[in-house]
Amino acid sequence: MAPGIPAALERPHFIGIGGAGMSGIAKILAQRGAKVAGSDARESATAEALRALGATVHIGHAAGHLADDASCVVVSSAIRPDNPELVRAAELSLPVVHRSDALASLMDGLRAIAVAGTHGKTTTTSMLAVALSGLGLDPSYAIGGDLQGPGTNAVHGEGDIFVAEADESDRSFHAYAPQVAIVLNAELDHHANYASMEEIHESFETFVGKILPGGTLVVSADQAGAVELTRRVRDRDSLTVVSYGEAEDADVRVHGITPHGLTSEVAVVLGGEHLVFTVSVPGRHYALNAVAALAAGVALGIPARDLAAALGTYTGVKRRLQLKGEAAGVQVIDSYAHHPTEMTADLEAMRGAAAGSRLLVVFQPHLFSRTQELGAEMGRALALADACAVLDIYPAREDPLPGVTSALIIDAAKAAGADVTAVHDKARVPAVVAGMAKPGDLVLTMGAGDVTDLGPQILDHLSN
């Protein structure tokens with residue numbers, strides 16, 4: 001039986017309750033019986049889902065939304081100090097709980113798997129949630145995206161396993177104490193919080209140090225940042241390190257990844273046992289994520305062959321190479337990729353799936369700081385497409401930086417030989433793409449902002 005509700009979270013108020021991370025915690029608390037309330041900037045399907053669980057969700061931010069009997073206020077790093085509800089919380093002397101601490105308290109007493117890495121966290125966490133559920137283990141889980149099957153990002157299960165996405169962006173993953181941790185990769189990103197790769201390494205070292213005594217670190221044997229992390233922590237007492245990947249010295253060795261359209265067949269050797277299983281999403285990177293999930297589940301004592309078969313039932317997460325539909329012979333797919341490594345991986349996967357057809361990309365850069373540091377690499381990644389349209393930068397939580405625009409990406413893309421067009425008016429994109437696309441083409445909307453809204457609109461234009 002899963003633990004109950006921590007006392008401080010009996011009547012929580014979430015500022016920004018509709019966010020991917022915040023909404024998951026709110027859902028689990030509501031399912032456990034807490035009196036959940038919160039606010040968000042706009043109406044959404046997430047807000048409606050929370051209301052269906054009994055939560056009170058206000059639209060807009062105002063001091064009056066915070067109930068006098070609230071037990072605490074839950075915030076993420078994106079909430080600014082002058083938020084009126086946060087100011088009101090100080091006036092009421094209410095405890096302010098960071099999202100990560102709230103999630104950590106929900107894991108207490110359970111066998112936790114925390115999934116970390118610069119890329120691939122949501123997919124790998126989702127694979128584990130689906131596979132463990134399919135095996136009847138009824139796990140709890142909190143994910144940064146909605147599963148296409150259950151259609152939700154979080155569930156309170158009655159089993160003793162909790163699977164959680166561990167976010168490194170603001171170092172909040174230091175709050176967790178898992179039995180098993182996965183580190184998929186470690187690259188320089190989140191430039192507002194990390195000044196160097198050494199800071200990234202130190203942060204991941206701290207995360208690994210939180211693994212419970214006798215626990216396991218599952219870590220990539222292929223990616224340079226993960227290999228460096230392994231070097232730094234391999235000799236720690238009471239920690240088992242299990243590497244996975246295509247490297248010859250990997251503990252869980254991947255012997256082959258064979259693409260079959262939008263699926264892949266993966267062959268691995270784990271503990272001397274040869275396994276071949278199917279991953280029902282395209283791309284080498286997703287196949288490797290599945291192997292990481294396999295190794296983590298085995299570390300909890302789940303039979304490898306059973307888990308491998310269950311992983312084949314995973315069909316994807318919204319915005320992770322999600323097929324939005326097909327019209328006029330053109331498939332429209334949505335990708336959350338916004339870092340050059342993610343972009344390259346998804347573009348290569350789609351290039352393989354295109355099988356000779358054209359790949360058209362609509363890319364929306366995410367954050368001024370990321371564009372400033374990685375814009376040239378983003379442009380080079382876009383050269384993998386046959387043609388691409390680049391939108392203005394989606395600012396999210398950031399204020400503009402002088403001289404930082406999507407032109408940094410466009411210039412680099414052109415220098416790499418890309419056929420690229422700047423589109424400053426997002427409303428024009430569906431007509432532009434519909435005018436370019438031909439039967440058999442794949443259209444990929446890509447980015448972490450509201451570019452995802454364009455998929456249905458592009459399909460409408462293609463239909464007409």
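All heavy atoms count here, side chains included; hydrogens, waters and symmetry mates do not. Predicted, not measured: the structure shown is a model, and the values here were computed from it.
When each of Asn153, Thr125, Thr122 is paired with Glu165, the side-chain hydrogen bond (donor to acceptor under 3.5 Å, both in side chains) condition holds for Thr122 and for no other.
With respect to Glu202 and Arg171, no salt bridge is recorded, no charged nitrogen being found less than 4.0 Å from a carboxylate O. We find that Arg370 and Glu398 are not joined by a salt bridge, their nearest charged nitrogen and carboxylate oxygen being 4.0 Å or further apart. Contact check on Arg351 versus Glu348 returns no salt bridge, with no Lys/Arg side-chain nitrogen under 4.0 Å from an Asp/Glu carboxylate oxygen. Between Arg284 and Glu246 there is a salt bridge, with a side-chain nitrogen of the basic residue lying less than 4.0 Å from a carboxylate oxygen of the acidic one. Remark: Glu248 does not engage Arg253 in a salt bridge, criterion side-chain N to carboxylate O under 4.0 Å.
Taking each heavy atom of His366 and Ala396 in turn, the nearest pair found is NE2-CB, 3.7 Å. Ile143 and Ser126 make their closest contact through CG2-OG, 3.3 Å (heavy atoms, listed as atom of the first residue, atom of the second, distance).
Summarising the geometry, atom CG belonging to Asp460 is positioned 11.5 Å from atom CG belonging to Leu454; distances are rounded to the nearest 0.5 Å. Atom NZ of Lys35 sits about 14.5 Å away from atom CG of Leu29, to the nearest 0.5 Å. The CG atom of Asn289 lies 12.5 Å from the CG atom of Leu294; values are rounded to the nearest 0.5 Å. The CE atom of Met350 lies 8.5 Å from the OG atom of Ser335; values are rounded to the nearest 0.5 Å. Leu106 contributes atom CG, which lies 8.5 Å from atom CG of Asp108 (distance to the nearest 0.5 angstrom). One distance of note links SG of Cys388 with CG of Leu444; it measures 11.0 Å at 0.5 Å rounding.
One side chain, Asp346 or His285, offers a donor N or O that lies under 3.5 Å from an acceptor on the other.
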### Task
Could you check His201 against Glu228 for side chain to side chain donor-acceptor pair (under 3.5 Å), going step by step and ending with a plain yes or no?
CA-CA 8 Å; His201 287 316; Glu228 172 61 17; 5.1 Å; no
### Message
Does Arg32 form a salt bridge (Lys or Arg N to Asp or Glu O under 4.0 Å) with Glu10? I'd like the steps, not just the answer.
### Response
CA-CA 10 Å; Arg32 288 192 184 183; Glu10 289 178 349; over 6 Å; no
### Message
Please determine whether side chain to side chain donor-acceptor pair (under 3.5 Å) holds for the pair Thr445 and Asp334, giving the CA-CA distance in whole Å, both sets of side-chain angles, and the decisive distance to 0.1 Å.
### Response
CA-CA 5 Å; Thr445 56; Asp334 191 34; 2.6 Å; yes
Let me check something: any side-chain donor-acceptor pairs from residues 264-271 under 3.5 Å, sequence neighbours excluded? List them with distances.
none

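Not a single side-chain hydrogen bond (donor to acceptor under 3.5 Å, both in side chains) links His338 to another residue, sequence neighbours left out.
For the pair Leu360/Leu442, no side-chain contact is recorded, criterion being any heavy-atom separation below 4.5 Å from C-beta on.
Between His58 and His65, the two ring planes are parallel [angle under 30°; tilted spans 30° to 60°].
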